[in-house]
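Below is one structure, written out as structure tokens; the observations come after it.
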Number of protein chains: 2
Amino acid sequence: MLTNLSVSEQNYIKSIYHLQQNSESVTTNALAGHIKTKPASVTDMLKKLQTKNLVNYNPYKSFRLSREGNKAALNIIRRHRLWEFFLVNQLQFTWEEVHEVAEQLEHVTSKKLVDKLDAFLGYPGFDPHGDPIPNSNGKINQQVQMPLFNLPLNTLAIITSVQNQSSDLLSFLSNSGITIGTKLEVKQKLNFDNSLGIKIKNKSSIFISEQIANAIQVNPL
Amino acid sequence: MLTNLSVSEQNYIKSIYHLQQNSESVTTNALAGHIKTKPASVTDMLKKLQTKNLVNYNPYKSFRLSREGNKAALNIIRRHRLWEFFLVNQLQFTWEEVHEVAEQLEHVTSKKLVDKLDAFLGYPGFDPHGDPIPNSNGKINQQVQMPLFNLPLNTLAIITSVQNQSSDLLSFLSNSGITIGTKLEVKQKLNFDNSLGIKIKNKSSIFISEQIANAIQVNPL
DNA sequence: TTAATTTTTTAGATTTGTCTAAAAATAATT
DNA sequence: AATTATTTTTAGACAAATCTAAAAAATTAA
Ligand SMILES: [Mn+2]
Ligand SMILES: [Mn+2]
Ligand SMILES: [Mn+2]
Ligand SMILES: [Mn+2]
């Protein structure tokens with residue numbers, strides 16, 4: 001049942017998918033916050049997505065993407081991340097500039113376009129922020145990673161992804177010499193505010209806040 | 001006054017621009033036919049475009065794009081044609097496949113994206129159908145051309161563009177060895193139906209209808 | 001286990017873009 | 001010039017997506 005999804009429906013589905021990554025089921029308020037709309041609008045849309053069998057919705061209780069909905073979400077995310085890869089690797093965008101543009105490009109739904117773009121780019125596995133790109137069957141290359149905040153002291157690790165699209169944060173990170181593939185270790189942790197002193201390999205040491213350390217995902221070597 | 005235009009507004013403006021190429025001013029019915037909507041909807045949209053100063057609209061009389069509207073149209077057309085060029089030259093689409101996809105891509109309005117795409121493609125002057133691509137200032141490379149139907153007999157000419165996006169027609173033409181840059185001459189014209197016998201350089205002769213001959217633009221050598 | 005608080009849903013309104021049917025204006029014919 | 005035909009606009013309705021305010025349900029606290 002390959003229904004044509006409106007841009008709005010696509011955005012809701014994608015947001016539900018992302019929110020489900022962190023918690024088992026999603027709340028109306030969380031979705032409203034994520035998508036910058038009001039809870040009442042979320043309820044309206046949930047009823048529509050329910051009739052299209054894209055979510056399993058129990059009013060007042062909870063909702064999740066259906067198998068159909070999950071598949072649709074992966075398609076949208078595939079397009080989003082392929083375009084981000086294209087923008088950085090072919091058009092010389094920086095990693096903090098691409099998210100906004102990809103938010104628009106992801107809604108161009110031609111399958112032929114997406115698959116040809118994928119081939120043109122050499123079937124990349126990860127986008128510029130380290131997030132995995134689903135292949136044309138919706139299969140994702142999951143990688144082992146943990147928040148930098150949880151990395152034990154004095155353990156060398158490699159940055160695998162950054163779980164936040166704020167261009168503020170992203171340009172701060174690249175200005176500090178932090179990007180996907182950067183090797184670093186945590187040297188100290190301040191009890192006062194939970195900030196971390198980190199040593200970037202072959203570079204200077206800097207302090208980062210707990211929030212930033214939680215957005216950065218690493219793979220201990 | 002760089003107002004944000006909805007997809008619908010963009011489609012209306014683009015259509016008005018194209019219709020103005022052929023006749024001085026545009027009629028409500030012609031626009032409705034072109035955009036596959038009803039005359040009443042056109043009137044509604046004209047009133048909105050008028051308040052945004054994108055058209056000069058005299059109810060019951062006529063309407064044209066304003067200077068503003070013209071500029072907006074050129075921007076949309078620039079995006080459309082750049083993407084068509086990209087699809088054919090980078091993603092290996094054929095010239096009859098690109099129009100439909102470009103209809104969607106043209107509505108992604110990021111100026112940075114468009115300018116970087118332009119640079120990436122090497123600032124192409126013409127799209128895969130031979131239509132000129134406006135530069136970032138809206139300037140167009142006009143070429144001297146005439147309908148193949150008007151080409152005198154036995155005059156060598158080069159095909160410069162095809163003024164129709166029907167994929168039917170476009171694949172017929174490429175299957176017949178006709179594309180942008182093809183050299184040919186008209187050998188005979190049947191009075192019965194105005195069809196033309198044309199000789200493609202280094203290839204066989206074929207007959208084409210008056211309609212097709214009028215869609216093909218050539219430059220006599 | 002009531003009462004208070006928070007979350008979620010409903011009711012009703014609004015905006016955008018579209019449509020049909022009817023009215024008004026313009027153009028073409030006799 | 002009057003009639004007829006065509007084109008265009010208006011009036012009113014509708015679907016999609018959103019909002020505010022009020023009601024209902026669920027959760028938390030007392
Ligand atoms: Mn992104
Ligand atoms: Mn990303
Ligand atoms: Mn086209
Ligand atoms: Mn074209």
Side-chain angles (χ1 to χ4, degrees), chain A residues 1 3-16 19-20 22-65 69 72-73 76 103-104 106-107 109, chain B residues 1 3-16 19-20 22-65 69 72-73 76 103-104 106-107 109:
Chain A
M1 193 71 53
T3 22
N4 270 3
L5 302 176
S6 72
V7 168
S8 243
E9 290 168 332
Q10 290 179 53
N11 283 333
Y12 275 92
I13 288 169
K14 192 181 50 153
S15 281
I16 299 172
L19 290 169
Q20 279 184 187
N22 304 326
S23 48
E24 185 56 29
S25 68
V26 188
T27 70
T28 302
N29 269 350
L31 183 48
H34 196 256
I35 223 168
K36 282 186 179 120
T37 184
K38 296 288 181 291
S41 308
V42 169
T43 302
D44 288 345
M45 182 58 88
L46 283 173
K47 285 191 276 189
K48 200 202 310 185
L49 296 177
Q50 170 84 302
T51 71
K52 292 195 176 188
N53 291 309
L54 293 162
V55 294
N56 297 123
Y57 173 45
N58 298 104
Y60 287 110
K61 295 287 172 53
S62 71
F63 55 91
R64 288 184 60 73
L65 290 179
I76 301 162
E103 284 293 310
Q104 311 233 352
E106 73 187 6
H107 300 300
T109 54
Chain B
M1 193 71 54
T3 22
N4 271 3
L5 302 176
S6 71
V7 169
S8 243
E9 290 169 332
Q10 290 180 52
N11 283 332
Y12 275 92
I13 287 169
K14 191 180 52 153
S15 281
I16 299 172
L19 290 168
Q20 279 185 185
N22 304 325
S23 49
E24 185 55 31
S25 68
V26 188
T27 71
T28 301
N29 269 349
L31 183 48
H34 196 257
I35 223 168
K36 281 184 181 124
T37 183
K38 295 289 181 288
S41 308
V42 169
T43 302
D44 288 344
M45 182 58 88
L46 284 173
K47 284 191 276 191
K48 201 204 307 185
L49 295 176
Q50 170 83 301
T51 72
K52 293 194 175 188
N53 290 310
L54 293 162
V55 294
N56 297 121
Y57 173 44
N58 299 104
Y60 288 109
K61 295 288 171 57
S62 72
F63 56 92
R64 288 184 59 73
L65 290 178
I76 302 162
E103 285 293 310
Q104 311 233 349
E106 73 187 4
H107 300 300
T109 55

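By convention in this document, chain letters (A, B, ...) are assigned in the order of the sequence lines, proteins followed by strands, and residues within each chain are numbered from 1. Computed from a predicted model, the values in this text were never measured in an experiment.
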Quiz item: Base, sugar-phosphate alone, or nothing: which one does A:S8 contact when heavy atoms must sit under 4.0 Å apart?
Solution: sugar-phosphate

Sorted by chain and number, sequence neighbours left out, side chain to side chain donor-acceptor pair (under 3.5 Å) with B:Q10 holds for B:R79, B:H107

B:K61 atom NZ is separated from D:dT8 atom C1', nearest whole Å, by 12 Å

note: B:E9, atom CD; C:dT18, atom P; distance rounded to Å ~ 10 Å

Here the distance between atom P of C:dT9 and atom CE of A:M45, to the nearest Å, is 14 Å

task = Identify whether any heavy atom of A:F63 sits under 4.0 Å from a base atom; if not, whether one sits that close to sugar-phosphate; answer base, sugar-phosphate or nothing.
result = nothing

Sorted by chain and residue number, the side chain to side chain donor-acceptor pair (under 3.5 Å) partners of B:Q20 (sequence neighbours excluded) come out as none

Please list, pair by pair, any protein nitrogen or oxygen found under 3.5 Å from a nitrogen or oxygen in nucleotides 10-16 of chain D.
unit_1, atom_1, unit_2, atom_2, d
D:dT10, OP2, B:K47, NZ, 3.0

Taken in chain and number order and not counting sequence neighbours, the residues that satisfy side chain to side chain donor-acceptor pair (under 3.5 Å) with A:Q50 are none

By side chain to side chain donor-acceptor pair (under 3.5 Å), B:T109 pairs with (sequence neighbours left out) none

Partner of B:I16 under side-chain contact (heavy atoms from CB on, under 4.5 Å), picked from B:I35, B:N11, B:V26, is B:V26

A:L49 CG to C:dT9 P, in whole Å, measures 13 Å

Those residues at least two apart in sequence (or on a different chain) that pass side-chain contact (heavy atoms from CB on, under 4.5 Å) with A:N56 are A:S66

Here the residues of residues 25-38 of chain B within 4.0 Å heavy-atom distance, strictly under, of DNA chain D are B:T27, B:T28, B:N29

Those residues at least two apart in sequence (or on a different chain) that pass side-chain contact (heavy atoms from CB on, under 4.5 Å) with A:K47 are A:T43, A:D44, A:Y57

A:N58 meets the side-chain contact (heavy atoms from CB on, under 4.5 Å) criterion, sequence neighbours left out, with A:K61, A:S62

